[in-house]
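Hydrogens, waters and symmetry mates play no part in the numbers below; they use all other heavy atoms, side chains included. Fair warning: this is a prediction, and the values are worked out from it, not measured in the lab.
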Amino acid sequence: MALEKVISEDKIEIVGVHKTVQIRTCTQVLEDGVELSSGYHRHVVVAGDDYSNESTEVQAICAAVHTDAVIAAYQASLTEV
């Protein structure tokens, strides 16, 4: 009987005008390869956030979609009330 904890980013989405990156992390507990339980955690990276602690894949996505123009537009939208 071997228990194993597997953590993976199973869903990465780009949503909205300001290209918010949503990341879903799945944590599974497996016994001999059979899932006993699982849970999910979600977090977001918005334009202008520091994403240096994210996975390589998320960093690449953020670098591609969070352009200077997108960051400026997002910052401008924060002051519109």
- Which pair of heavy atoms, one from Glu35 and one from Ser38, lies closest together, and at what distance? OE2-OG, 3.5 Å
- Message: Please give me the minimum heavy-atom distance between Ile7 and Lys5, naming the atom from each residue.
- Response: CD1-CE, 3.9 Å
- Query: Does the Asp50 side chain pair with the main chain of Ser52, one donor and one acceptor, at a distance under 3.5 Å?
  - Reply: yes
- Item | Approximate separation, where rounding is to 0.5 Å, of Gln22 CD and His43 NE2 | 10.5 Å
- Message: If you compare all heavy atoms of Ala47 against all heavy atoms of Tyr74, which two are closest, and at what distance to 0.1 Å?
- Response: O-CD2, 3.3 Å
- Does one hydrophobic cluster hold both Ile61 and Tyr51, with members joined at side-chain heavy-atom distances below 4.5 Å? yes
- Message: Is there a path of hydrophobic side-chain contacts, each under 4.5 Å between heavy atoms, that joins Val45 and Ile14?
- Response: yes
- Side-chain heavy atoms under 4.5 angstrom apart, residues restricted to Ile, Leu, Val, Met, Phe, Trp, Tyr: same cluster for Val46 and Leu78? yes
- Check the side chains of Ser8 and Asp10 for a donor-acceptor pair under 3.5 angstrom, ignoring hydrogens and angles. no
- Task: For Asp32, look at atom CG and say whether over 12 heavy atoms of other residues, nucleotides or ligands are found less than 6.0 Å away.
- Result: yes
- Is there a donor-acceptor pair closer than 3.5 Å between any side-chain N or O of His66 and the backbone N or O of Lys19? yes
- Task: Begin with the C-alpha distance, continue with both residues' side-chain angles, and end with the deciding distance and a verdict on side-chain hydrogen bond (donor to acceptor under 3.5 Å, both in side chains) for Glu54 and Gln59.
- Result: CA-CA 6 Å; Glu54 298 293 336; Gln59 286 182 28; over 6 Å; no
- Message: If you count heavy atoms of other groups shown closer than 6.0 angstrom to CD of Glu57, is the number above 12?
- Response: no
- Message: Please determine whether residues Ile12 and Val65 belong to a single hydrophobic cluster, defined as Ile, Leu, Val, Met, Phe, Trp and Tyr linked transitively by side-chain heavy-atom distances below 4.5 Å.
- Response: yes
- Are Leu36 and Leu3 side-chain neighbours, meaning at least one heavy-atom pair lies under 4.5 Å? yes
- Query: Of the non-hydrogen atoms in Val70 and His18, which two are nearest, and what is the gap between them?
  - Reply: CG1-O, 3.4 Å
